[in-house]
**Student:** 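Encoded as structure tokens, here's the structure I'll be asking about.
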Number of protein chains: 2
Amino acid sequence: MTTRTTAPRRVAPRRVEKETAATTVYHALKRDIVHGVLEPGHKLLIDQIAERYSAGTNPVREALNRLSSERLVDREDLRGFFVPPISLDDFRDIVRTRCWVEGKALEESIRNRTEAWEDAIILANHRLQNTPIHYYEHTEPGMPPPDNSPWEERHRTFHRALIANCGSRHLLRFADELMLLGERYRFISMANSYPRRRSVDEHQAIVDATLAGDTKRAVEALQGQYQLTLKIYEETMSGE
Amino acid sequence: MTTRTTAPRRVAPRRVEKETAATTVYHALKRDIVHGVLEPGHKLLIDQIAERYSAGTNPVREALNRLSSERLVDREDLRGFFVPPISLDDFRDIVRTRCWVEGKALEESIRNRTEAWEDAIILANHRLQNTPIHYYEHTEPGMPPPDNSPWEERHRTFHRALIANCGSRHLLRFADELMLLGERYRFISMANSYPRRRSVDEHQAIVDATLAGDTKRAVEALQGQYQLTLKIYEETMSGE
DNA sequence: AATGAGTAAATAATGTATGATATCGTTTGA
DNA sequence: TCAAACGATATCATACATTATTTACTCATT
């Protein structure tokens with residue numbers, strides 16, 4: 001048997017991973033609900049949604065049904081779908097639960113720590129620090145709100161990296177769900193509260209304690225950040 | 001103004017709460033997957049499911065989409081729906097996560113304890129103790145497996161009652177999801193392991209510690225029960 | 001005039017049927 | 001032995017029919 005001179009390069013049997021319309025609508029709806037584009041309490045009319053995302057009614061229904069199981073839309077038989085209302089109580093619940101879940105997940109991640117996990121945190125933190133935040137105050141009046149999606153994306157990645165080593169798929173899934181629910185409140189009510197936060201320092205403190213293996217300090221730093229977010233939200237609410 | 005002698009008793013505008021076909025199929029599928037009637041790894045063909053539950057394809061797709069967000073069915077675009085496979089690793093993850101989540105929820109429930117909550121636990125435990133378990137060994141060969149759904153129902157209610165006072169809707173939702181995922185393993189692989197368990201004593205121990213306000217002992221008793229379940233599962237698996 | 005029951009029209013969710021498109025298993029040909 | 005091609009099967013999307021809810025209106029009663 002002779003070696004081939006031209007590498008046969010088996011064409012990767014990569015499934016093209018085509019997306020169905022239902023999945024496309026699912027992601028679009030999810031994004032628009034989390035970003036507050038679709039307002040809390042708003043009724044989601046099938047036909048409107050279908051037209052909005054250029055899809056049929058059937059894919060829309062499938063997307064809405066998926067989201068209803070993630071508590072990102074409310075559903076009532078024969079009455080339709082709604083964007084879930086927001087409330088201070090709900091946000092308090094989300095933050096508190098997130099503190100428990102991610103606190104535990106961080107603790108376990110540190111217990112199981114590996115070099116690869118630590119590297120991923122360093123990297124995620126570095127990338128996050130190098131991603132600028134565009135403040136609303138610096139844009140001209142009448143301009144659309146600034147797009148911070150790169151920062152948002154890296155922020156999510158950073159927090160996922162912290163707890164990624166906890167060893168529990170289910171706990172990570174819960175953390176992800178809660179992160180999403182929490183982000184919704186940030187987008188809806190606190191779009192412009194970035195500036196008052198020394199988030200770079202906060203993140204650095206979490207990273208330092210985590211890499212030092214100081215579980216107690218790391219968890220407290222993480223939870224402290226979430227509780228600060230809640231505090232700002234409460235002030236924002238009472239100030240209006 | 002005189003008081004009316006015949007109470008007008010405004011007829012409660014109680015919505016009849018009709019169930020759609022999609023919801024009916026959703027519950028039926030959920031039950032059959034948890035009970036292991038639909039086997040792990042099995043492909044869920046839309047038409048088959050539709051016929052099985054006497055429904056159209058559309059309601060079936062909606063039900064499957066809901067369940068996919070609860071991890072009770074796996075979904076792949078253009079490839080269909082599947083009953084999730086089971087694995088020892090997955091069950092370990094479920095039990096461990098359940099210990100964390102319910103441990104925390106029980107701790108918080110005790111911290112916020114009220115008389116109503118304690119009463120509900122007493123009652124749920126009492127009802128559970130008075131519900132007999134029908135053992136497979138005691139039925140004639142060839143007979144269908146015994147129906148323990150009353151016990152299962154009360155068992156669920158008991159565990160929900162323990163943590164109901166934790167004050168977090170989201171945590172309770174997670175606990176519920178995990179309970180369901182865990183029950184699936186019990187139904188699939190341990191249908192006949194009831195007898196070897198002194199579950200009445202185990203439950204009583206949890207109740208005693210809980211009502212005594214002994215958080216540490218209560219949580220350990222609760223987690224101990226789950227870990228015992230895992231141990232039995234591991235033995236069942238290796239013994240076959 | 002204001003209130004409320006009853007009723008009919010409009011609206012929207014739900015379900016059915018059908019056609020389009022992708023995947024999967026098999027066969028055929030080099 | 002491998003790969004391309006074909007046919008069978010199933011998912012997905014659209015169009016349409018059905019059923020429930022919501023709204024608007026009428027009219028009797030207070």
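Throughout, a chain's letter reflects where its sequence line sits, starting with A, and its residues are numbered from 1. Since the model is a prediction, treat every value here as computed from it, not as a measurement. Because only heavy atoms are used, hydrogens play no part in the values below, and waters and symmetry mates are left out as well, while side chains stay in.
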**Student:** As a test of reading the structure: which of C/dA22, C/dT16, C/dT14 is closest to the side chain of B/Thr20, going by heavy atoms?
**Tutor:** C/dT14
**Student:** Need to verify one output field. Residue with the more 5' nearest nucleotide on DNA chain C, B/Leu78 or A/Leu78?
**Tutor:** A/Leu78
**Student:** What is the distance from CZ of B/Arg66 to P of C/dT14, rounded to the nearest Å?
**Tutor:** 8 Å
**Student:** How close or far is atom P of C/dC24 from atom CG of B/Asp77, stated in whole angstroms?
**Tutor:** 13 Å
**Student:** Counting the benzene-type ring for Trp, do B/Tyr226 and B/His159 have ring centres under 6.0 Å apart?
**Tutor:** yes
**Student:** Side chains of A/Lys30 and A/Arg66, heavy atoms from C-beta outward: is any pair under 4.5 Å?
**Tutor:** no
**Student:** Go nucleotide by nucleotide along DNA chain D from the 5' end; which of A/Asn58 and B/Asp47 gets its closest nucleotide reached first?
**Tutor:** B/Asp47
**Student:** Of the non-hydrogen atoms in A/Gly167 and B/Arg96, which two are nearest, and what is the gap between them?
**Tutor:** O-NH2, 3.3 Å
**Student:** Please report, rounded to the nearest Å, how far the C1' atom of D/dT21 is from the CG atom of A/Leu45.
**Tutor:** 13 Å
**Student:** Mind calculating the distance between CZ (B/Phe81) and P (C/dT23) to the nearest angstrom?
**Tutor:** 15 Å
**Student:** Taking A/Ala161's backbone N and O only, do any of them form a donor-acceptor pair with A/Trp117's side chain (distance below 3.5 Å, no angle check)?
**Tutor:** yes
**Student:** Any donor-acceptor pair under 3.5 Å linking the side-chain atoms of A/Asp93 with those of A/Thr97?
**Tutor:** yes
**Student:** Starting at OH of A/Tyr26 and ending at C1' of D/dA13, how long is that distance when rounded to a whole Å?
**Tutor:** 20 Å
**Student:** Without decimals, in angstroms, what is the distance between A/Lys18 NZ and D/dT11 P?
**Tutor:** 17 Å
**Student:** Considering every strand and a 4.0 Å limit on heavy-atom distances, what is the contact class for B/Leu64: base, sugar-phosphate, or nothing?
**Tutor:** nothing
**Student:** In whole angstrom, give the distance that lies between atom CD of A/Glu51 and atom P of D/dT14.
**Tutor:** 13 Å
**Student:** What nucleotide, of C/dG15, D/dA13, C/dA13, holds the atom closest to the side chain of A/Pro59?
**Tutor:** D/dA13
**Student:** Does OP1 or OP2 of D/dA10 have a side-chain N or O of B/Arg79 closer than 4.0 Å?
**Tutor:** no
**Student:** Expressed as a whole number of angstroms, how long is the span from A/Lys43:NZ to C/dA13:C1'?
**Tutor:** 8 Å
